[in-house]
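Take a look at the structure set out below.
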Protein chains: 2
Amino acid sequence: MTGDLAETVLSAGAQPGVPIRIVKYITYQTSRSVPPRDLAARCHRTLDRALEDPDSSLVEHQREHLDRFWDRADVVVADRREPVRVQQAVRWNVFQLCQASWRVEGASIPSKGLTGGAYDGHYFWDTEAYVLPFLAYTEPRIARNLLRFRHSMLAKARERAALLDLRGALFPWRTINGDEASALYQAGTAQYHINADIAYAIRRYVDVRGDTGFLADVGAEILVETARMWEDLGFYGDDEHFHLHGVTGPDEYTTVVNDNAFTNLMARLNLHYAATAVRLLEAESPDLFAALCFELSLDPTEIEAWDRAADAMFIPYDPEKGITPQDDSFLDRERWDLENTPPEKFPLLLHYHPLAIYRKQVLKQADVVMAMFLLGNEFTPDQKARNFSYYDPLTTGDSSLSASIQSIVASEIGDYRAASRYFDFALLMDLANVAGNVSDGVHIASAAGAWMALVFGFGGVRDFDGCLTIDPRLPRRFERLSFSLRFRGRQIRVTLAHDEESYAIGMGEPIDVQIRGEIHRLAAGAPLRLPVPTEA
Amino acid sequence: MTGDLAETVLSAGAQPGVPIRIVKYITYQTSRSVPPRDLAARCHRTLDRALEDPDSSLVEHQREHLDRFWDRADVVVADRREPVRVQQAVRWNVFQLCQASWRVEGASIPSKGLTGGAYDGHYFWDTEAYVLPFLAYTEPRIARNLLRFRHSMLAKARERAALLDLRGALFPWRTINGDEASALYQAGTAQYHINADIAYAIRRYVDVRGDTGFLADVGAEILVETARMWEDLGFYGDDEHFHLHGVTGPDEYTTVVNDNAFTNLMARLNLHYAATAVRLLEAESPDLFAALCFELSLDPTEIEAWDRAADAMFIPYDPEKGITPQDDSFLDRERWDLENTPPEKFPLLLHYHPLAIYRKQVLKQADVVMAMFLLGNEFTPDQKARNFSYYDPLTTGDSSLSASIQSIVASEIGDYRAASRYFDFALLMDLANVAGNVSDGVHIASAAGAWMALVFGFGGVRDFDGCLTIDPRLPRRFERLSFSLRFRGRQIRVTLAHDEESYAIGMGEPIDVQIRGEIHRLAAGAPLRLPVPTEA
């Protein structure tokens, strides 16, 4: 909060060939209680201090922090056609993530970071599903802050669940202080999957950092309350499967449906992981477990009920087409004629009545494809290819969250052209104004998506069941790609080329990593170099 | 519009045993263009005229009109337990219909008539589906006015269809001037069935009055444009059936579903009847037909397409349960536990989040039951009994439109207890404040529903395919029930008792009526008396 912005005129005596150097000082203050006027005064004082003492530690601190940030977060990519511009674009995106997450304390990361007023500073699932993976692998301390912040809103999530006549907690789809701020439930509250996105993010953070203490701290409580919501929302049908009806998945072009595949798959994970986490706590810290049970009135039969619901979870499958239907009636719908939709009619949501969109097979983002990324170990390679080729032609990409995930899964199934094209969309979302609304602010989730497309897509990094696996899929357009992963206290540096790959850790105990299907032990000071196998 | 209401104090010298007679003059002015102040002045002038000349023709006119009204509309019922109160209640309801419809000119009948401000004077499908049948059988001229008024809003209905990316016309769910005034589409615009309700009302009016000229006048145009909407909204699935997705039926406790049975059945009627009406016009008035085709760019292939879509219409059916599912996934839902829902939690819509309601099997009104009433010739008696016994226990009756239809169908399937109980709900909706909101105004549709429960339910009157049929089902609680039906220019008087029934026409040519399955010719001056067959 910097108060009113006065227009500033700079004058300088310029001489040919002599650059003029402008140093710009920016400061930032935030508070929920201090009035804006006082925050502005604080900003002025900080700036005065910096100006009065140009050798102050401020510059030094900033430099240190940025060095550390880039050491962990930089992705170096050598694009054959546009090496400079692509590298610049990658760093621009990563820098947006730096700015958006630098000072996350007692708050979350809004969809636009601090770059614009769109969405009123609210945050959605993007934070957990897109930004948190980047943070878990680069700045896990901040990932932890974010999840602790979610926990701070648990009381309101419990109220919200009660309002919907549900047990446990239901996190708001859109919020700034824990209250649901969605105007319409169908593309808002009906996205119950927010609960599972948070559970998934907890699992990922705990696994990647190895921080099981987080479960005892606040993680288990979130997992218990989110699992309770699922167990109450669902029911056992005549087919003895556990069903979730009246929900909206991440794809907002189909709303309030039955058995959305993404939601059911993610809810299954939420239920199982809640049971796993609570049992882990019981085994490792019986006292903390007893305290948790007491505080949450939790008993063993309830834990068993989560596992039972998860085991019985109905996952739609169409044997004829060999694909995962987005929901129980998606494949029965009429297909939207995307080929004959004029370009000026996109995004569809701004040009068609919701009822015109909802009744057709057309996607804002492909949530089955997203499920194949997040839960890739629950699909066969064949299913992945079939699902991708069914949903990709139905996907408008009207959501800025779409391109990066399409790129990652296209990489995985070997469709390098699609992977590369979608990567460019994510990379240039704001720099080339792909979505046409960059004036509203930066798409922080898409910036994180660009990082994910590089690391999870072309880099092939996964962490199912807490196991780090790397299956590189370097496209021909890149000569080289290198990035770092913070994993269980080690800094793993990965450099991929078409002839050779190298994997190294900076410090710490050796660690096992599965690369291209084989376990390799990485030890400090002994980089692993592997020749790249020739493609079949 | 009477302007401000001043408090009036009446003083009179009262004497024991001598009644005080108070004569109250009420006048009514309406206009879309004259300001309220001037309308109030007009009211004052009318009242002054009446007061200055107590022998004026005003009283006489009113008396004449009311005599005529009661001659056509009165229903005489002899209830064994509460003869006076039931008769009074019946007349109270019929009188509400009289007041609400007396001066319908260039307007429709709002849900509350002129008795209250709830719903802002808007009208819904109630007018066509509940009030119009009463008018068609008692004051067909007013029924015609109502339908002509709908036609006057056709241009806006065309705009509305275009806005939803549909051909033809889509009438607004809630309106006062033709613009859609629903706040939320799921229980509003998604009720596409409004189009078919209007088509059904046209068919009923034309058949009951024998006014085929109405089709040439404005009826055919409405039918063409509504049929076009259905043909465009639906699509042929892989099963070669014609499907309607993303619609809401009359039951607003389940919204935006696929293949709602009520909607599909009524759309089928709309499509078929549009084709029939246009072909009738072609045969009877080739010139008018040619003009219609020219004006609406209508060609024969389009008419064939309506019949084809109607013939292929998908009507959900569950062979295992032998019932008509409300929609394609209704039976898969979890059942709402109505038995354990506390009484203060009704109506559900005021106490539960829509998402909590929509995902369960629970009904505001049973639209499959309504379909069995409107399209009774498309269901077997067995299907009717099975459907009723499936849906009735799921029906909250939270809609004031529910009770009368449940009563009619309960009568038909021989469940006299349910028929009688539901009739009382409809009859006393406002007098006993059954819905708890009588202070918002009279439920005009429920008043019409009480008339329908008497005439269509206990009286057993139907007019499928323009054929008048009467299958009386007089319950034990009534000693006698008599009512009149205006049908093709004749006044048919029906008196039902448990030993004998009589059917008579006042004037006009003889007419054939099907009574208890047999055709009888009714002739003026020769009442038909039939003994009541003993029940098997």
Side-chain angles (χ1 to χ4, degrees), chain A residues 160-166 170 180 183-186 188-192 232-239 241-248 253-259 314 318 320-321 327-337 341 345 348 351-361, chain B residues 160-166 170 180 183-186 188-192 232-239 241-248 253-259 314 318 320-321 327-337 341 345 348 351-361:
Chain A
R160 188 74 193 154
L163 201 120
L164 274 109
D165 210 40
L166 290 167
L170 176 59
E180 175 64 86
L184 298 170
Y185 67 78
Q186 57 270 26
T189 298
Q191 296 202 46
Y192 299 95
D232 197 26
L233 179 68
F235 70 103
Y236 289 89
D238 292 341
D239 59 0
H241 278 296
F242 193 74
H243 294 270
L244 299 169
H245 281 187
V247 310
T248 300
Y253 280 179
T254 320
T255 65
V256 194
V257 294
N258 299 337
D259 291 320
F314 178 77
D318 183 284
E320 209 176 295
K321 293 195 170 65
D327 57 63
D328 78 345
S329 62
F330 185 82
L331 300 184
D332 301 333
R333 294 181 199 275
E334 190 176 5
R335 287 173 74 101
W336 186 286
D337 185 1
T341 306
K345 289 285 211 173
L348 303 183
H351 300 280
Y352 295 89
H353 192 283
L355 286 171
I357 298 173
Y358 293 172
R359 70 172 183 267
K360 301 273 180 85
Q361 288 193 48
Chain B
R160 187 74 194 153
L163 201 120
L164 275 106
D165 211 39
L166 291 167
L170 175 59
E180 175 64 87
L184 298 172
Y185 66 79
Q186 57 270 24
T189 298
Q191 296 202 45
Y192 299 95
D232 197 26
L233 179 68
F235 70 102
Y236 290 90
D238 292 341
D239 59 1
H241 279 296
F242 193 75
H243 295 269
L244 299 168
H245 281 188
V247 311
T248 299
Y253 280 179
T254 320
T255 65
V256 195
V257 295
N258 298 336
D259 291 321
F314 177 78
D318 183 287
E320 207 175 297
K321 294 193 169 67
D327 58 62
D328 79 344
S329 62
F330 185 83
L331 300 184
D332 300 334
R333 295 180 198 274
E334 189 176 6
R335 287 173 75 101
W336 186 286
D337 185 0
T341 307
K345 289 286 211 173
L348 302 183
H351 300 281
Y352 294 89
H353 191 283
L355 286 171
I357 298 173
Y358 294 171
R359 70 172 182 267
K360 300 272 180 86
Q361 288 194 49

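As the structure is a prediction and not an experimental result, all values here were calculated from the model. Both backbone and side-chain heavy atoms feed into the values below; hydrogens, waters and symmetry mates do not. Throughout, a chain's letter reflects where its sequence line sits, starting with A, and its residues are numbered from 1.
- Minimum interatomic distance between A/Arg160 and B/His353 (heavy atoms only, all atoms of both residues): NH2-NE2, 4.0 Å.
- With a 4.5 angstrom heavy-atom cutoff, B/Asp238 touches chain A only via side-chain atoms.
- The greatest number of non-hydrogen atom pairs below 4.5 Å with chain A, out of B/Leu163, B/Asp165, B/Leu164, is found for B/Leu164.
- Residue A/Leu331 does not touch chain B at all, counting heavy-atom pairs closer than 4.5 Å.
- Taking B/Gln186 as the reference, A/Tyr185 meet the side chain to side chain donor-acceptor pair (under 3.5 Å) condition, with sequence neighbours excluded.
- A/Tyr192 touches chain B through its side chain: at least one heavy atom from C-beta onward sits under 4.5 Å away, while N, CA, C and O do not.
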**OP:** Output, in order, the C-alpha distance, side-chain angles, deciding distance and verdict of side-chain contact (heavy atoms from CB on, under 4.5 Å) for B/Leu184 and A/Leu184.
**Re:** CA-CA 9 Å; B/Leu184 298 172; A/Leu184 298 170; 4.0 Å; yes
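- For A/Glu334, the side chain to side chain contact (heavy atoms under 4.5 Å, CB included) test picks out A/Lys360, B/Phe235, with sequence neighbours left out.
- Contacts between B/Asp328 and chain A at a heavy-atom distance below 4.5 Å involve the side chain alone, from C-beta outward.
- Only the side chain of B/Leu166 comes within contact range of chain A, with heavy atoms under 4.5 Å apart.
- In plain terms, the two heavy atoms of B/Asn258 and A/Ser329 that are nearest each other are ND2-OG, 3.2 Å.
- For A/Asp332, the parts lying under 4.5 angstrom from a heavy atom of chain B are both the backbone and the side chain.
- In plain terms, the two heavy atoms of A/His243 and A/His241 that are nearest each other are CD2-O, 3.2 Å.
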